[in-house]
Amino acid sequence: MEVEVGNGGNGEEEVPNWGTSLPVESVQEIVRKDPFNVPEKYIHDLDCIQNDVVLPQLSSDIPVIDLSLLSVGDEVELQKLDMACSDWGFFQIINHGIEGQILQEVKDIAAKFFELPIEEKKKYSMASNDVQGYGQVYVVSEEQKLDWADLFILVVYPTKFRKSIFWPTSPPEFIKAIEEYSSEANRVAKELFSSLSILLGMEKDSLLKLHDEVMQAMRINFYPTCSMPDKVVGVSPHSDTSTLTVLLQDDEVTGLQIRHSGGWIPVKPIPNALVVNVGDVIEVLSNGKYKSIEHRAMTNESKVRMSIASFICPQDDVQIEPLDTMVDGAENMPRYKRMRYGDYLRYSLKTKMDGKSHTNLIKLEDE
Ligand SMILES: O=C(O)CCC(=O)C(=O)O
Ligand SMILES: [Fe+2]
């Protein structure tokens, strides 16, 4: 039975809903029942995946940024960030100051959640009118191809947006681990905001001010093994609707791939590093100088993979548009419209993920 959750899921505040997604079977359950079963709905057109060019030899070219240097205003590192955002839209960060123990605890707790019996996990199932909780997103029709993953999504900040019914009480350390990690991911994102503000020709605190108070959602991706990994996709190609995404990925299993140089480049994990990507909001604010890059996640035959994405976004009522500092006269005309962020986000959540097609909504027509 599907349940609707009204506003005020935590019984206190008015909490917005951001979208809906049709319920789908748990992929983890499909594999548990029969590791060789890959239902038709998950099998993508062969030419869609197999003809893709994968360029593992370029993995080591993905920029690595030292946050401790950025935070003390190191000019060389700042220029590296500029190059990372304009040429790649993706980078890894090291020396971010998050203790290894905090990273390990949040990974362990996420793994423990997915180890729970299906009946336990279903207590946190997404409601029919929201995308928080356990389930899938971007499923808008019965016919569409599905991703080989199960998800668990929580809005973490502002805290008044938390819907307590989706915050598991089991395992017991869940809430503490999520809170500790999320507040650190929030700090890291805000430090990056300062450097990006400067690169975008503004005062250090401008990007943060523009966000009002950042909204932060956490998406735990669980990718079960698949007996036909070259026929399924863990997460379909997409760009993130966020300002920035901070991704904590598995230290050993490679799955994330980014679009670059005409192919897909695997993002090889650097233990304890974080992957950061430019979201659609930065693309709009920078008038296209920095691009939100398409990425996808692939699965494999023998190893489960998990990743934890923290989406750092503006509040619903923030208007996004190219910054004055990024638009000048005839040479650099605005390439994007002005739009309420909440409308942009809801539109993208209503559409099946298909690369960057959702960004057409905010692009000016002659682009
Ligand atoms: O699992 C990954 O590495 C990527 C996940 C992702 O792109 C997302 O959650 O938006
Ligand atoms: Fe993503």
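Every number for a ligand or one of its atoms is a count from 1 in the order of the listing.
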Is it true that [X] and [Y] make a salt bridge, defined as a side-chain N closer than 4.0 Å to a carboxylate O?
X	Y	answer
Lys356	Asp280	no
Glu179	Lys176	no
Lys80	Glu77	yes

Side-chain donor or acceptor of Gln315 paired with backbone N/O of Glu213 under 3.5 Å =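 Checking the backbone N and O of Glu213 against the side chain of Gln315, a donor-acceptor pair under 3.5 Å is found.
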
message = Using a 3.5 Å distance criterion without hydrogens, assess whether the side chain of Glu283 forms a donor-acceptor pair with backbone atoms of Ser292.
response =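 Here the side-chain-to-backbone pair exists.
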
task = Sort and list the pairs that fulfil salt bridge (Lys or Arg N to Asp or Glu O under 4.0 Å) and have at least one residue in residues 81-106, not counting sequence neighbours.
result =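 Listed once each, the pairs are Asp82-Lys289.
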
request  = Output every pair passing salt bridge (Lys or Arg N to Asp or Glu O under 4.0 Å) with a member in residues 301-314, not counting sequence neighbours, ordered by first then second residue.
outcome  =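 Counting only pairs at least two positions apart or across chains, no salt bridge (Lys or Arg N to Asp or Glu O under 4.0 Å) contact touches residues 301-314.
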
Note every protein N or O atom lying under 3.5 Å from an N or O atom of ligand 1, pairing the names and giving the distance.
unit_1   : atom_1 : unit_2 : atom_2 : d
ligand 1 : 1 (O)  : Tyr223 : OH     : 2.5
ligand 1 : 1 (O)  : Arg305 : NH1    : 3.1
ligand 1 : 1 (O)  : Ser307 : OG     : 2.7
ligand 1 : 3 (O)  : Arg305 : NH1    : 3.4
ligand 1 : 3 (O)  : Arg305 : NH2    : 2.8
ligand 1 : 7 (O)  : His238 : NE2    : 3.2
ligand 1 : 7 (O)  : His295 : NE2    : 3.0
ligand 1 : 9 (O)  : Arg219 : NE     : 3.2
ligand 1 : 9 (O)  : Asn221 : ND2    : 3.1
ligand 1 : 10 (O) : His238 : NE2    : 3.2
ligand 1 : 10 (O) : Asp240 : OD1    : 3.4

task = Could you tell me how the ring of Phe113 sits relative to the ring of Phe152: parallel (under 30°), tilted (30 to 60°) or perpendicular (over 60°)?
result =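 Taking Phe152 first and then Phe113, their aromatic rings sit tilted (interplane angle of 30° to 60°).
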
task = Assign the ring pair His211 / Phe193 to parallel, tilted or perpendicular, where the plane angle (0 to 90°) is split at 30° and 60°.
result =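 Judged by the thresholds at 30° and 60°, the geometry between His211 and Phe193 is tilted.
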
message = Which of the protein's N, O or S atoms come within less than 2.8 Å of the Fe ion (ligand 2), not counting waters?
response =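 Only His238 NE2, Asp240 OD1, His295 NE2 fall inside 2.8 Å of the Fe ion (ligand 2).
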
